[in-house]
Amino acid sequence: MAENKQNELRKETHQKVIEKLQHSLPKDWHVESEEGKENTVILFHGQQRDGGIHVKLAPLFAKVEQYESDKEQWIEAFVEKVSLIAREATQKHTVRGNETKLYPVLRHPSFVSNEKDGNVVWHEHTGETIVLYALDLESSYTLITKDMLKEAEMTEDELHEAALNNLARLESTPKRDVVGENIFYFFTESDSYSASRVLNQDLLSWMQQKINGKMGVALPHQDVLIVADLADAKGAYMLAQIAVDFSMRGNVPISPIPFMYADEGLEPYMVMRNPKPRHKYPSHGGRKKRPPER
């Protein structure tokens, strides 16, 4: 798509999102956009003027540009999800009584370093990822805060254990793709916890039994976990490129850097040179009804 046409399409999409949100947001909510920043809209509640909920439009732009004939459908779906964010943001959510709805979610460490009040509960994972915790709301979820834990009289260890136990109960069936001597397994379940499955040690051990070469792992965004049976350096490069491609397409990116799995641990690796032309891969994953997070 030509750059001029792309810019015009983005401006048009941005304006339509603003107009539709003005009519569909719950009472006391309003939407604004910063001048010159057409890739984000900000939701404010009541008289609030600081912070707000920042919603990225990049995932919507990608869909509209790829399927321009269906742009109205994509915009309507996006507006519906954003309105849902606003409705659920003002509801009171409690941990006690909802222990079976607790799940771990992965984010890049910058997520908490950019957080102003430091109230979100998180746990170290790798240099590229941290573990946060979500209370599932069926059509969305809210992140667990220290205040919520205090109210529930629950420790962080208890939260971690409950979330992992719930995660282990989720179905995990990968799609398999073979490229040369390299095999890629894509976990793309429709529950928004696909990437979180990397925390299921039993699942990783099961996958390790299938691996003949080196075991690669990628966590590009929350809706996909990629496990790869890497036969050679080209396979490792391919996984690195897939990780970068996918991280730019997901609603909630995690890390564009792939990992090697060994001794029940993940070690990030970087490819310093290109052993073959860039491999184009289809995009797997992405829950339709999950709203993007701020």
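Owing to the predicted nature of the structure, the values given are computational and were not obtained by experimental measurement.
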Heavy-atom neighbours of E161 CD exceed 12 at 6.0 Å: no
Nearest heavy-atom neighbours spanning P268 and F259: N-CD2, 3.5 Å
Minimum-distance pair of heavy atoms, taken over all atoms of N166 and L102: ND2-O, 2.8 Å
Candidate pair H108 and E128, rule side chain to side chain contact (heavy atoms under 4.5 Å, CB included), full reasoning: CA-CA 6 Å; H108 189 270; E128 285 294 312; 3.6 Å; yes
Note, F78 side chain near L57 side chain (heavy atom, < 4.5 Å): yes
Electrostatic pair R96-E151, nearest N-O below 4.0 angstrom: no
Value rounded to 0.5 Å, distance of CG in L132 from NE2 in H123: 11.5 Å
Stepwise side chain to side chain contact (heavy atoms under 4.5 Å, CB included) test for K71 and L9: CA-CA 10 Å; K71 65 180 179 182; L9 184 58; 4.2 Å; yes
Smallest separation among heavy atoms of L225 and V217, with atom names: CD1-CG1, 3.8 Å
S194 side chain to E189 backbone, donor-acceptor under 3.5 Å: yes
P104 backbone acceptor or donor facing S196 side chain under 3.5 Å: yes
Validation row: L106, Q222 side chains within 4.5 angstrom (heavy atoms): no
Check: Q73 main-chain N/O paired with D70 side-chain donor or acceptor under 3.5 Å: no
Atom pair CG/CD of D229 and Q208 - distance to nearest 0.5 Å: 11.0 Å
E181 atom CD, over 12 foreign heavy atoms within 6.0 Å: no
Reported CD-to-CG distance for the pair E65 and L60, which is rounded to 0.5 angstrom: 9.0 Å
Whether H45 and W29 hold their rings parallel, tilted or perpendicular, with breakpoints at 30° and 60°: tilted
Any V227 side-chain heavy atom under 4.5 Å of K210 side chain: no
Test item: R107 and I130 side chains (from C-beta on) under 4.5 Å apart, heavy atoms: yes
Any donor-acceptor pair under 3.5 Å from N182 side chain to A231 backbone: yes
Lys/Arg N to Asp/Glu carboxylate O, R197 vs D191, below 4.0 Å: yes
Check: A236 main-chain N/O paired with Y269 side-chain donor or acceptor under 3.5 Å: yes
Whether E99 side chain and G97 backbone form a donor-acceptor pair below 3.5 Å: yes
Atom CD of E267: over 12 foreign heavy atoms under 6.0 Å: no
pair V105-F111: side-chain heavy atoms closer than 4.5 Å: no
Residue pair F246, I226: steps toward the side chain to side chain contact (heavy atoms under 4.5 Å, CB included) verdict: CA-CA 10 Å; F246 278 37; I226 306 169; 3.9 Å; yes
L149 and M154: CA distance, side-chain angles, deciding distance, side chain to side chain contact (heavy atoms under 4.5 Å, CB included) verdict: CA-CA 5 Å; L149 273 192; M154 178 182 287; 3.9 Å; yes
pair K101-H93: side-chain heavy atoms closer than 4.5 Å: no
Separation of L239 CG from K214 NZ (nearest 0.5 Å): 13.0 Å
Nearest-0.5 Å distance that lies between atom OG1 in T13 and atom CD in E72: 8.5 Å
Contact check, side chains of Y193 and D136, non-hydrogen atoms, under 4.5 Å: yes
Non-hydrogen atoms of P109 and G127 that approach each other most closely: CG-O, 3.6 Å
Residue pair V271 / Q241, side-chain heavy-atom distance below 4.5 Å: no
P174 to Y185 - nearest heavy-atom pair and separation: CB-CB, 4.0 Å
Gap separating the CG atom of L164 from the OH atom of Y133, nearest 0.5 angstrom: 7.0 Å
Closest approach of A168 to N200 (non-hydrogen atoms, all atoms of both residues): CA-ND2, 3.8 Å
